[in-house]
Amino acid sequence: MSLAEAPLPAVSAEAMEKVRAALAAKPDGVIEALAREHGVPTLAVLEATPAEQRRFIAAERFEALWRELAGWGTVLFIVHTPDIVLECEGALPVGSFGHGYYNIHGDSPIGGHIKAGNCTAIYLVDRQFHGRRSCSVQFFNGAGEAMFKVFVRRDAERELLPDQVARFEALKRDFA
């Protein structure tokens, strides 16, 4: 999927050239920070990263993908807004649709109600972040902003958990 297909606000060629230059200068930088700095949607910055760092999944696969992620055990769930980067470790409870939301409840600190219908794109993101490999599943809304992200966790030595990396690699094969 290209930006031309995504329902995003118009992004100027000049802004995107600046984004690409910033990514070239610091390829492992924070996507949201670059987006804010250049006044573009987060998804526009992600789309400017090398193609091998991201894999599109259609939003219609939301529930199937969530159910797969629910089997990973404890993950790192992040909500990144201009005001907060909220990080929560826990298992993703399997949810169900009702009253316009995908409702998740269970024995986990991660719970609540996701407006899944607002999700317009999902990406598997495999890129360097501050010099280390980082693997995540990122859910985007129609404004091109991340609704939330699910990350492969790290061990005590800050290495990615091998079993979750294997599951992430399987997502690339099975959901792409």
- Can you see which heavy atom on P109 is nearest to which on C88, and at what distance? CB-SG, 3.7 Å
- Query: Heavy atoms, side chains only, cut-off 4.5 Å: are P27 and Q128 in contact?
  - Reply: no
- Message: Tell me whether the count of non-hydrogen atoms from other residues, nucleotides or ligands lying under 6.0 Å of CG in D155 goes above 12.
- Response: yes
- Message: Between R67 and E63, does the salt bridge (charged side-chain N to carboxylate O under 4.0 Å, His left out) criterion hold? Intermediate values first, please.
- Response: CA-CA 6 Å; R67 288 183 177 278; E63 185 176 25; 3.4 Å; yes
- Query: Taking W72 as the fixed residue, which of D163, L171, L92 is the one that meets the side-chain contact (heavy atoms from CB on, under 4.5 Å) rule?
  - Reply: L171
- Message: Would you compute the distance between atom CD of E32 and atom CG of L46 and round it to the nearest 0.5 angstrom?
- Response: 9.0 Å
- Out of R153, R132, R154, which residue meets the salt bridge (charged side-chain N to carboxylate O under 4.0 Å, His left out) rule with E159? R132
- Query: Quick one: are E47 and R54 in side-chain contact, heavy atoms under 4.5 Å?
  - Reply: yes
- For the residue pair N103 and G98, what are the closest heavy atoms and their distance? ND2-O, 3.2 Å
- May I ask you to decide if A91's main-chain N or O and S108's side chain share a donor-acceptor pair within less than 3.5 Å? yes
- Query: Of all heavy-atom pairs between W66 and P93, which one has the smallest distance, and what is that distance?
  - Reply: NE1-O, 2.8 Å
- List the steps, then state whether side-chain hydrogen bond (donor to acceptor under 3.5 Å, both in side chains) holds for H130 with D28. CA-CA 6 Å; H130 295 302; D28 65 346; 5.1 Å; no
- Query: Looking at A146 and F140, what are the two nearest heavy atoms and their distance?
  - Reply: N-CD2, 3.6 Å
- Mind checking whether E87 and K149 have side chains closer than 4.5 Å, heavy atoms only? no
- Stepwise, does the side-chain hydrogen bond (donor to acceptor under 3.5 Å, both in side chains) test hold for S136 with Q138? CA-CA 6 Å; S136 62; Q138 301 187 17; 2.9 Å; yes
- Do you reckon F175 sits in the same ILVMFWY cluster as V165, going by side-chain contacts under 4.5 Å, direct or chained? yes
- Close side-chain approach of F168 to L160, heavy-atom, < 4.5 Å: no
- Item | Heavy atoms of other groups near E52 CD, more than 12 under 6.0 Å | yes
- Query: Which is it for E169 and R133 under the salt bridge (charged side-chain N to carboxylate O under 4.0 Å, His left out) test, yes or no, and what are the steps along the way?
  - Reply: CA-CA 13 Å; E169 294 295 337; R133 183 182 183 196; 2.6 Å; yes
- Closest non-hydrogen contact found for V137 with I122 is CG1-CG2, 3.8 Å
- Task: Look at the side-chain heavy atoms of Ile, Leu, Val, Met, Phe, Trp and Tyr, link any pair under 4.5 Å apart, and say whether F151 and L43 land in one connected group.
- Result: no
- F148 and F139 aromatic ring geometry - parallel, tilted or perpendicular at 30°/60° bounds: parallel
- Smallest separation among heavy atoms of T120 and A59, with atom names: C-CB, 3.6 Å
- Task: Examine distances only and state if a side-chain atom of E145 and a backbone atom of T42 form a donor-acceptor pair shorter than 3.5 Å.
- Result: yes
- Joint cluster assignment, L69 & V79, ILVMFWY side-chain distance < 4.5 Å: yes
- Message: Quick one, D174 with E68, criterion side chain to side chain contact (heavy atoms under 4.5 Å, CB included). Give me CA distance, side-chain angles, the key distance, then yes/no.
- Response: CA-CA 11 Å; D174 299 339; E68 177 64 32; over 6 Å; no
- Query: If you measure from NE2 on H105 to OG on S96, what distance do you get to the nearest 0.5 Å?
  - Reply: 7.5 Å
- Query: How long is the gap from CG on N118 to CZ on F62, to the nearest 0.5 Å?
  - Reply: 10.5 Å
- Gap separating the CG atom of L124 from the CD1 atom of I57, nearest 0.5 angstrom: 3.5 Å
- Same hydrophobic cluster for L65 and L76, using side-chain heavy-atom links shorter than 4.5 Å among ILVMFWY? no
- Message: Taking Y101 as the starting point, is it possible to reach M147 by hopping between hydrophobic residues whose side chains are less than 4.5 Å apart?
- Response: no
- Less than 4.5 Å apart, any side-chain heavy atom of V40 and any of V45? yes
- Query: Does V30 reach the side chain of F129, with side-chain heavy atoms less than 4.5 Å apart?
  - Reply: yes
- Counting distance only, does the side-chain N/O of R127 pair as donor-acceptor with the main-chain N or O of Q53 below 3.5 Å? no
- Looking at E14 and K18, does any basic side-chain N land under 4.0 Å from a carboxylate oxygen? yes
- Task: Have a look at V75 and tell me which of Q164, E89, R167 forms a side-chain contact (heavy atoms from CB on, under 4.5 Å) with it.
- Result: Q164
